Amino acid sequence: MVVDYTHPSAVNANVAAYAAANLSFVVGTTGGDEAAMRATVADGAASTAYALIAPNMGKQIVALQAALEAAAATFPGAFAGYTLSVTESHQSHKADTSGTAKANVAAFSALGAPLPVDAIVKVRVPADQVGEMGVPEAALSGHAFHTYRLVSGDGSVRFELQHNVCGRSVYAEGTVDACVFLAQRRAGGDAVRVYNMIDVLRAGEMS
Ligand SMILES: NC(=O)C1=CN([C@@H]2O[C@H](COP(=O)(O)OP(=O)(O)OC[C@H]3O[C@@H](n4cnc5c(N)ncnc54)[C@H](O)[C@@H]3O)[C@@H](O)[C@H]2O)C=CC1
Ligand SMILES: O=C(O)C1=N[C@H](C(=O)O)C[C@H](O)C1
């Protein structure tokens with residue numbers, strides 16, 4: 001079992017190598033071409049690789065992402081006319097825009113409040129992270145703060161949704177569950193060979 005937390009510039013080539021070697025692998029690295037990664041595994045007729053690829057391995061955060069996607073499927077356009085703004089703060093060495101924010105923005109878009117990815121505000125300067133975002137100094141080297149704001153057209157209704165993570169434990173725990181889930185799929189010879197973290201939650205791993 002391979003676990004990949006590397007870099008956006010490396011992850012697609014890494015995935016191609018894992019798939020060619022018919023490995024089972026979990027990818028947490030964000031900022032790559034996820035559609036291409038999925039296709040690399042799913043389209044290989046002779047391949048026996050199994051992959052789980054997800055922009056967030058934190059199960060509670062994934063549950064929130066799934067809830068937003070379910071809301072969008074149930075009530076498409078429910079926030080039409082609202083304006084969405086998104087701010088995310090991560091450790092200064094993070095190269096890409098939050099993959100989690102991108103996934104949730106896609107759900108908000110289906111809810112009727114679209115936002116271009118390049119309008120997601122990235123905070124990467126430690127002084128701003130402490131001063132503006134309230135990141136504890138001890139978490140500067142590893143944190144993920146996300147704030148989503150929705151404001152109605154006339155400004156009379158406002159929503160604010162936050163998930164603020166300090167450290168990496170929540171991802172480590174989810175990654176272990178993802179590995180167990182994927183090993184079970186492989187052992188069972190499942191026809192589906194590419195999964196995400198929502199599949200892990202649906203399989204009962206939320207606890
Ligand atoms: N899906 C999730 O829940 C999470 C995703 N991430 C993502 O994982 C990625 C890594 O994040 P961090 O751990 O903060 O980065 P980091 O820079 O602290 O660690 C990355 C490590 O990968 C190594 N590396 C880089 N290219 C490599 C390659 N081609 N082959 C092997 N090793 C290579 C680096 O030397 C470094 O040790 C980022 O895209 C980040 O956003 C991080 C935390 C949670
Ligand atoms: O780099 C991180 O730390 C994280 N990256 C992922 C992302 O881009 O969304 C998940 C989480 O935000 C932590």
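Just so you know, ligand 1 is whichever comes first in the structure, and atom 1 is the first atom listed for that ligand. From a predicted model like this one, the values you see are computed outputs, not experimental measurements.
- With ring centers used as reference points, Phe145 lies 6.0 Å or more from His163.
- Counting the atoms of ligand 2 from 1 in the order shown, those under 4.0 Å from a heavy atom of Ala144 are 11 (C), 12 (O), 13 (C).
- Side-chain atoms of Lys122 never come within 3.5 Å of backbone atoms of Ser89 as a donor-acceptor pair (strictly under, hydrogens ignored).
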Step by step, work out the ring-ring contact (aromatic ring centres under 6.0 Å, His included) result for His7 and His93.
CA-CA 10 Å; His7 194 271; His93 68 262; 9.3 Å; no

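- Annotation: Glu137, atom CD; neighbour count of heavy atoms from other residues, nucleotides and ligands within 6.0 Å does not exceed 12.
- The aromatic rings of Tyr50 and Tyr195 sit parallel to each other, their planes meeting at less than 30°, with 60° as the upper class boundary.
- For the pair Met37 and Val27, the minimum side-chain heavy-atom distance is below 4.5 Å.
- Among all non-hydrogen protein atoms, the one lying nearest atom 5 (N) of ligand 2 is Lys94 NZ, 3.7 Å.
- Between the Arg186 side chain and the Thr48 main chain, a donor and an acceptor come within less than 3.5 Å of each other.
- The contact shell of ligand 1, taken as protein residues with any non-hydrogen atom closer than 4.0 angstrom, comprises Tyr5, Thr6, Ala10, Asn14, Gly28, Thr29, Thr30, Ala54, Pro55, Asn56, Met57, Gln91, His93, Lys94, Arg168, Tyr171.
- Protein heavy atom nearest atom 9 (O) of ligand 2, with residue, atom name and distance: Thr100 OG1, 2.5 Å.
- Aromatic pair Phe108/Phe79: ring centres not closer than 6.0 Å.
- Between Asp96 and ligand 2, a contact under 3.5 Å exists for no N or O pair.
- Ranking the protein heavy atoms by distance from atom 10 (C) of ligand 2 puts Pro55 O, 3.2 Å first.
- When side chains are defined from C-beta on, Val3 counts as touching Cys179, because their heavy atoms get closer than 4.5 Å.
- Met57 does not count as a contact of ligand 2, since none of its heavy atoms falls under 4.0 Å from the ligand.
- The protein heavy-atom contact nearest to atom 7 (C) of ligand 2 is Gly99 N, 3.4 Å.
- Listed for the Thr29 side chain is a donor-acceptor partner under 3.5 Å among the backbone atoms of Asp4.
- Within the 3.5 Å criterion, the main-chain N or O of Val157 finds a donor-acceptor partner in the side chain of Ser152.
- The contact set between ligand 2 and His146, taken as ligand atoms under 4.0 Å from a residue heavy atom, comprises 12 (O).
- Considering only non-hydrogen protein atoms, atom 12 (O) of ligand 2 sits nearest to His90 NE2, 2.7 Å.
- When hydrogens are left out, the protein atom nearest atom 1 (O) of ligand 2 is Gln91 NE2, 3.0 Å; that is the closest non-hydrogen contact.
- The contact set between ligand 2 and Thr30, taken as ligand atoms under 4.0 Å from a residue heavy atom, comprises 6 (C), 7 (C), 8 (O).
- Formation of a donor-acceptor pair under 3.5 Å by the Asp43 side chain with backbone atoms of Thr40 is not found in this model.
- Residue, atom and distance of the protein heavy atom nearest to atom 13 (C) of ligand 2 are Tyr171 OH, 3.3 Å.
- Ligand 2 lies nowhere less than 4.0 angstrom from a heavy atom belonging to Glu88.
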